[in-house]
Amino acid sequence: MSTKINASDAMIKVLEDWHVDHIFGLPGGSFDSTMNALHNRQKTMKYIQVRHEEVGAIAASGEAKLTGKIGVTFGSAGPGAVHLLNGLYDAKYDHAPVLAIVAQVPTSIMNTDYFQELNENPMFEDVSVYNRTVMTAEQLPLVIDQAIRQAYENSGVAVVTIPKDLGWTEIDDNFESTADKFTFTDNYPLPNEDAVKKAVDILTNAKKPLIYFGVGAKKAAKELKQLSDQLKIPLMSSAIAKGTLPDSDEAYMLSAGRVAAKTGVDAASNADAVLFIGTNMPFAPFFIKPDTKFVQVDVKPSNIGKRHHVDVGILADAKATLQAMLKIAKPVASRPFYDALVADKKNWNEWLTKFVDEDKTPLNVDSVFEQINRIADDDAIFSVDVGNVTIDSYRLLKMKTSQKITTSAWYATMGYGLPTSIAAKESYPDRQVFSISGDGGFTMVMQDILTQVKYNEKIINVVLTNKSLGFIEAEQDDTPQPHSGVDLINADFGDAATALGAKGYEVHTLTELKQAFDEAKNADGPVVIDVKISDDRPLPVEQLVLETDANHTQADVDAFTKKYRTEGLVPFSQFLKEFKVQ
């Protein structure tokens, strides 16, 4: 005679088979059967109570991006389900495997316009790779098992809707998940030998070649560096591939775009040949000239030629392709373009250091990141919100390859930093975790400082308060148009955090800043450091005015220099001239 089990308990057992050990959510009455199962299995499955379902969904998405493992979240029928959507869209756009478990009213009152009843399937159709409503108690563990498979296989969101009564129903405890039988491998075609040879010829013979890599090449850091050294080619990456190589590497020029460094823009806009590998970065046409020789390596045929005309397309894994290139590439002793960019990066870094110790009120944002870098552990994790904070973080954090960084890259939702820091601490409890947010993004989710307090999570939350939606303010300046709706009133977030049970700091001076970070490093619970910074636009490296040209007079240069304090920042044309780059 088989043992009986409630269907919701059987479902939790399936999650455990897939090595899920915690789940984010906020209960409602329609989710009671699953909450009962979570209570029954609390020794093996940790329930993390968030204060808003959006926070749980963002946390699940961020966890999947940080770990590569599926993140799991839930919401109750009606409003709880709707609140999940923002985090689920973040997972969709950044191709993160996430399972969303959604409650529904009992089957006996479905389709009667009952309280909080919602036709939930259509709502999740666009965001998901798998979207099902469970029809019988017996199929609940099977549908969950299939949902997880689909989320992994398609790198996206799986949604399972469960009528409340089915979770209470007893079924035979005999379901065997496919977790141990599921193998997901990067089984891509080997690179075509002729295409590899053509690619190497292009890179070797170019005057100004560049390697532009993305997250698809993160596992090939060694090969990227070897090819760069062998052919004397500078490297740059999409912003979200930051950390693949150490920022200190002289050949790594960071990224191009608004979330970028001057060196990345200089590298991309001057290159005459680009190896575009493991990335689908959409801004290539804005920085890479149309007549540039273009070699693209990708595992998806639909991506090749999507952003730029392609001279050589290689459908293959990044690591395998780079290994094939290394076998036939003949060493290049020197390359002036490489040397010019190395000098350019040195000048850029020297310019950045000018602002870190200015003791003024409000403070420079550079001073804040100097302190983050100072106390950050070698394996620290940085959870970064969206806005000017993204530019500042990806520009000023001095990343090591042993550290991790995450943001809402493609979807770019504000309010990402704090929720994902919670996920990071649950997944990596022994590692130092920072959330870095502007005052706009922080106020969207700040109630979940309570979650950090409840679970005593040692997280350092840095809030950059400039009393503005600065990223949008800059866009309105560029339109140009009057500032509209971007001003924010001041608040003391450190004091608010203290009231919520965390350790809070209000920082106005350089002395206060250093003291707050000294204490935060050794705090035994969550910390919020609210730093009052200037509402200064980050240097727009995508539209520098450092020298006169056909579009800019000396008056334009002088005005730009005064506004952005660019004294000492050398135009790249001078380095091209100095190193005789043709």
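Because the structure is a prediction, the values reported are computed rather than measured. Atoms considered below: every heavy atom in the structure, side chains included; atoms not considered: hydrogens, waters and symmetry mates.
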Can you tell if the side chain of [X] reaches within under 4.5 Å of the side chain of [Y], non-hydrogen atoms only?
X	Y	result
Met399	Phe382	yes
Glu567	Thr561	yes
Asp392	Phe369	yes
Lys354	Arg565	no
Trp348	Met253	no
Thr420	Lys65	no
Leu397	Ile436	yes
Lys345	Val342	no

Asp291/His309 under side chain to side chain donor-acceptor pair (under 3.5 Å): CA gap, chis, key distance, verdict: CA-CA 8 Å; Asp291 59 349; His309 89 270; over 6 Å; no

Distance-only donor-acceptor check, side chains Asp344 and Thr263, under 3.5 Å: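 Thr263 and Asp344 do not have a side-chain donor-acceptor pair below 3.5 Å.
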
Donor-acceptor side-chain pairing of Ser228 and Tyr252 below 3.5 angstrom: no

Quick one: sort the [X] and [Y] rings into parallel, tilted or perpendicular, breaks at 30° and 60°.
X	Y	value
Phe337	Phe572	perpendicular
Trp351	Phe355	perpendicular
His52	His83	tilted

Out of curiosity, [X] [atom1] to [Y] [atom2], how far, rounded to the nearest 0.5 Å?
X	Y	atom1	atom2	answer
His308	Phe287	NE2	CZ	13.0 Å
Ile372	Ile460	CD1	CD1	9.0 Å
Lys222	Leu227	NZ	CG	13.5 Å
Thr413	Ile58	OG1	CD1	5.0 Å
Asp249	Asp229	CG	CG	7.5 Å
Lys92	Ser61	NZ	OG	13.0 Å

Side chain to side chain contact (heavy atoms under 4.5 Å, CB included) assessment of Val545 paired with Lys563: CA-CA 11 Å; Val545 185; Lys563 181 175 183 178; over 6 Å; no

Does [X] pair with [Y] as a salt bridge, N-O distance under 4.0 Å?
X	Y	result
Asp518	Arg374	yes
Lys467	Asp439	no
Asp272	Lys289	no
Glu506	Lys532	yes
Asp377	Arg431	no

Check whether any side-chain N or O of [X] sits under 3.5 Å from a backbone N or O of [Y] as a donor-acceptor pair, and report yes or no.
X	Y	result
Ser421	Ser383	no
Asn86	Glu54	no
Thr443	Gly440	yes
Asp492	Gly494	no
Arg395	Pro538	no

[X] [atom1]: over 12 foreign heavy atoms closer than 6.0 Å:
X	atom1	answer
Gln481	CD	yes
Lys198	NZ	no
Lys360	NZ	yes
Lys398	NZ	no

What heavy-atom pair brings [X] and [Y] nearest, and what distance separates the two atoms?
X	Y	value
Ala343	Phe579	CB-CE1, 3.7 Å
Lys293	Asp311	CA-OD2, 3.2 Å
Ser255	Ser238	CB-C, 4.0 Å
Ala474	Arg537	CB-NE, 3.4 Å
Gly415	Asp385	N-OD1, 2.8 Å
Lys306	Ser302	CB-O, 3.8 Å

Trace of the side chain to side chain contact (heavy atoms under 4.5 Å, CB included) decision for Lys404 with Asp379: CA-CA 7 Å; Lys404 287 179 177 285; Asp379 63 350; over 6 Å; no

Evaluation steps, side chain to side chain contact (heavy atoms under 4.5 Å, CB included), between Val570 and Phe575: CA-CA 8 Å; Val570 178; Phe575 290 117; 3.6 Å; yes

Worked verdict on Ser402 versus Asp378 for side chain to side chain donor-acceptor pair (under 3.5 Å): CA-CA 6 Å; Ser402 52; Asp378 286 345; 5.5 Å; no

Step-by-step side chain to side chain contact (heavy atoms under 4.5 Å, CB included) determination, Phe276 to Val310: CA-CA 10 Å; Phe276 198 65; Val310 171; over 6 Å; no

Among Asp298, Val297, Ile314, the one residue meeting side chain to side chain contact (heavy atoms under 4.5 Å, CB included) with Ile277: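 So the option named by the test is Val297.
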
Side chain to side chain donor-acceptor pair (under 3.5 Å) between Tyr93 and Ser408, intermediate numbers included: CA-CA 9 Å; Tyr93 276 80; Ser408 179; over 6 Å; no

Verdict with supporting geometry, Tyr338 and Glu250, side chain to side chain donor-acceptor pair (under 3.5 Å): CA-CA 10 Å; Tyr338 179 99; Glu250 69 170 15; 3.3 Å; yes

